[in-house]
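Just so you know, these numbers come straight off a predicted model, no measurement behind them. Below, chains carry the letters A, B, ... as their sequence lines are ordered, and counting in each starts from 1.
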Protein chains: 4
Amino acid sequence: MMNPPDPSRRKRETHQAILDAAWAALEAEGWDALTVDRIAARAGVGKQTVYRWWRDKADVVFEAFLDQARAQVPPSRARDLPDLLRENARNFVRLYAGTPLGARLRELLGVAQRDPRLAEAMREHWFLPRRDSLRRALLDAQDNQLIRSDVDADTILDLLFGPLHYRLLTGHAPVDRRFADSVTALTLAAIAREAV
Amino acid sequence: MMNPPDPSRRKRETHQAILDAAWAALEAEGWDALTVDRIAARAGVGKQTVYRWWRDKADVVFEAFLDQARAQVPPSRARDLPDLLRENARNFVRLYAGTPLGARLRELLGVAQRDPRLAEAMREHWFLPRRDSLRRALLDAQDNQLIRSDVDADTILDLLFGPLHYRLLTGHAPVDRRFADSVTALTLAAIAREAV
Amino acid sequence: MMNPPDPSRRKRETHQAILDAAWAALEAEGWDALTVDRIAARAGVGKQTVYRWWRDKADVVFEAFLDQARAQVPPSRARDLPDLLRENARNFVRLYAGTPLGARLRELLGVAQRDPRLAEAMREHWFLPRRDSLRRALLDAQDNQLIRSDVDADTILDLLFGPLHYRLLTGHAPVDRRFADSVTALTLAAIAREAV
Amino acid sequence: MMNPPDPSRRKRETHQAILDAAWAALEAEGWDALTVDRIAARAGVGKQTVYRWWRDKADVVFEAFLDQARAQVPPSRARDLPDLLRENARNFVRLYAGTPLGARLRELLGVAQRDPRLAEAMREHWFLPRRDSLRRALLDAQDNQLIRSDVDADTILDLLFGPLHYRLLTGHAPVDRRFADSVTALTLAAIAREAV
DNA sequence: CCGTAAGCGAGACGGTACGTCCCGTCTTGAG
DNA sequence: CTCAAGACGGGACGTACCGTCTCGCTTACGG
């Protein structure tokens, strides 16, 4: 029915206006109060223009989220693995605990539980990229026998990020710097080379 | 306008019929296809009767979920802490990875990200009860100096459950028995008493 | 299912309290805002007690209406037929045009269009009684050759009451004393004995 | 929240489909069994589309009624005023007494008693148009001194239509051709020029 | 003078229509 | 020819009432 749109003809300002409108509305009202109608109206754009380039509300919102989050990553200053893990854990806390960005991350991950396409997009564009650099560092450390080699790097990443996300999503206890540091320390303890 | 209903006058069969209908419909169609109308119709009940006792769909469904999950907990055979942790991790995998129950848990936790009241209910009636017995065991072990005492028991629980839930929700890697055992082992390693 | 209730055990105050509550609520809010729940609550009575003695809302309300209207009929002072007709027309205007009673009469007659049982009740307990005394006077006048005898008395009554009700219900023009007198005069003209 | 819709963008077939569905359902089931959901479903239309263009059920149904009634008016053959009045009275009986159209007219007029906006619409689009041509004829006759000039034309119209509607709504006696002719004759008698 | 059956206040219940909201698709008219 | 504006089919929502039913309590009459 609908020919695939020609991306080269896409208007750059319109694209950004939609993302901005989506993020503004999202930040102001949260996921549930957000409607595609409102995004379009706020962006001064026809609804069809939104649906031409994104599949659905989740799709736009996730891109708007990425667009925002992109700006937030500070450059790493870590010099060794412990530093790096700690820095990542602390960044997580700083960026997502108690911030609009964190609230949106929670909402998006929530929606993804019932929306496989969003889930796939989040894995590919959010979780995996963030894990990749750390995974490389872990593999390096294993190669250099700085940490145990009998544990899958991905499992180690889960040991670090799992508790942080778990608390973020369940809210049973605060996600603060102290917690970040505890998790980092425990993870490091868990993967320390066995005493010889 | 509407006085709070009197729970003592609640019809017992009706209550159960609604939970059963909710669960049946949920299992058959999933969260999104589920409507309060259908729950009511399937239970042979007026829609208002649902809304009299539950605030919304999420509320009913969570109670139906609890009602189902209650039956599934096998008695523990664990004799020491490592056993207990491993048993819990394996139970998690068995009960929630790739089962309808797990799919519902994911959906509910997802919805809870945009529904603070459901979030609160899940904390109180789902997460905390499951953590409590383990927390007691951890505190015991700390008292008896079997594990490190300088780490908060809740943090240890997050180290165990965090990774499991994280994978369940993000789906970036399988949640299987191997993973359960890895996480258990790493957690135990992390909290082992320092070599003296 | 339900045995017919024993009227001798009916509580007199309760009966009146319900009628009063119905009328009070009706006067305050009009037919549509009126619910049996509210009548019962206002009367301090169980809903079932209402349904025990009346078939439905229309039934109660009509009795409440009759109960009110009963008090309003002034004694007739008319001495001849023209006087009597004029008095009736003027009473109609005074009692029903622009009064709560009139608004309720309109509403009830409106509801009766879709409720044959109410229609029947209104004919029997409202319209016919009011027509009867006038009909007798008309028949008398015909016997005494004061008016034409070749016209059905009921038709004459309709000639008098029809226009009044018609305006009351359609509201296309005011229902005032002037109109009442015009209709009376025209009716009298219509039934005057032919000039010999 | 909702801007007023732009009538020029209204889909013509949809409009008619809704009116047809409303009338069909109305004829088949009567006012009370009629629901907006069913109208929409039968018209193959979203419920919102109904509510976009009509305020409520009464609004749609009245337009559907007008749409039907429009087709039913036979051309007049009357040559003088008596003829014209008689023709109108007989048409009333033929079209509304004992016909679906009449039943709907009764129901609508009934509902209008509790719905001022419908009442206004009926006055403007139903009663007044039908009175206008007759009123003109009456004024003509008065100018030509064929009938009394001291009586308001509207009052004369009420004298003719009042009794017909009154019987239609109260049902205390048949609305038949005989009655139509009686009322016509009496009305003519009432407005005849005084014998000089 | 007591038991038993009815009336009663209270309100939960099955059922049904309402009118609103949003989704994602389709249509139109102005630039 | 594009695209803002928004009408459209579809469908869930949560509310309101209807008239029935169920629960204890209280009242009054008959054994």
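- Computed from coordinates, the D:Asp59 CG to E:dG19 P distance equals 11 Å when rounded to whole Å.
- A donor-acceptor contact under 3.5 Å is formed by the side chain of D:Lys47 with the base of E:dG19.
- Which of F:dA4, E:dC18, F:dA7 sits closest to the side chain of D:Pro5 comes down to F:dA7.
- As rounded to whole Å, 14 Å separates atom P of E:dA10 from atom CZ of C:Arg52.
- The nucleotide whose nearest atom lies closest to any side-chain atom of C:Asp56 is, among F:dC13, F:dG19, E:dC13, F:dG19.
- When the nearest nucleotides of DNA chain F are assigned to A:Asp37 and B:Asp37 by heavy-atom distance, the more 5′-ward of the two goes with A:Asp37.
- Using a 4.0 Å heavy-atom cutoff across all strands shown, B:Arg55 reaches no nucleic acid atom at all.
- Under a 4.0 Å N-O distance rule, the pair A:Glu120/A:Arg123 qualifies as a salt bridge.
- The shortest distance between the side-chain N/O atoms of D:Arg9 and the OP1/OP2 oxygens of E:dT27 is not below 4.0 Å.
- Between the CD atom of A:Glu13 and the P atom of F:dT2 there is a distance of 16 Å, rounded to whole Å.
- Ion pairing of B:Arg104 with B:Glu27 is absent here, as no side-chain N (NZ or NE/NH1/NH2) approaches a carboxylate O to less than 4.0 Å.
- Remark: the A:Lys57 side chain and the E:dG24 base include no donor-acceptor N/O pair separated by less than 3.5 Å.
- Taking only side-chain nitrogens and oxygens, A:Thr49 never comes nearer than 4.0 Å to OP1 or OP2 of F:dC3.
- A:Thr14 comes within 4.0 angstrom of nothing in the nucleic acid, heavy atoms only.
- Atom-to-atom, CD of C:Gln48 to P of E:dA10 comes out at 14 Å; the value is rounded to the nearest Å.
- If you measure from atom CZ of B:Arg38 to atom C1' of F:dA12, you get 9 Å, rounded to the nearest angstrom.
- By the 4.0 Å N-to-carboxylate-O rule, C:Asp20 lies too far from C:Arg42 to be salt-bridged with it.
- Comparing F:dA5, E:dC23, F:dG19 by their closest approach to the side chain of C:Tyr51 singles out F:dG19.
- To the nearest angstrom, P of F:dT27 lies 6 Å from NZ of C:Lys11.
- Between B:Gly110 and A:Gln113, the closest heavy-atom pair is CA-CG, 3.9 Å.
- The CZ atom of B:Arg10 sits 7 Å away from the P atom of E:dC13 (whole-angstrom rounding).
- One atom, CD of B:Glu29, and another, C1' of F:dA12, lie 13 Å apart when rounded to the nearest Å.
- Out of F:dA4, F:dA7, E:dC22, the shortest distance to the side chain of D:Trp53 is found at F:dA7.
- When the nearest nucleotides of DNA chain E are assigned to B:Ile18 and D:Leu34 by heavy-atom distance, the more 5′-ward of the two goes with B:Ile18.
- Using modelled atom types, one finds a donor on one side chain and an acceptor on the other under 3.5 Å when comparing B:Asp6 with B:Ser8.
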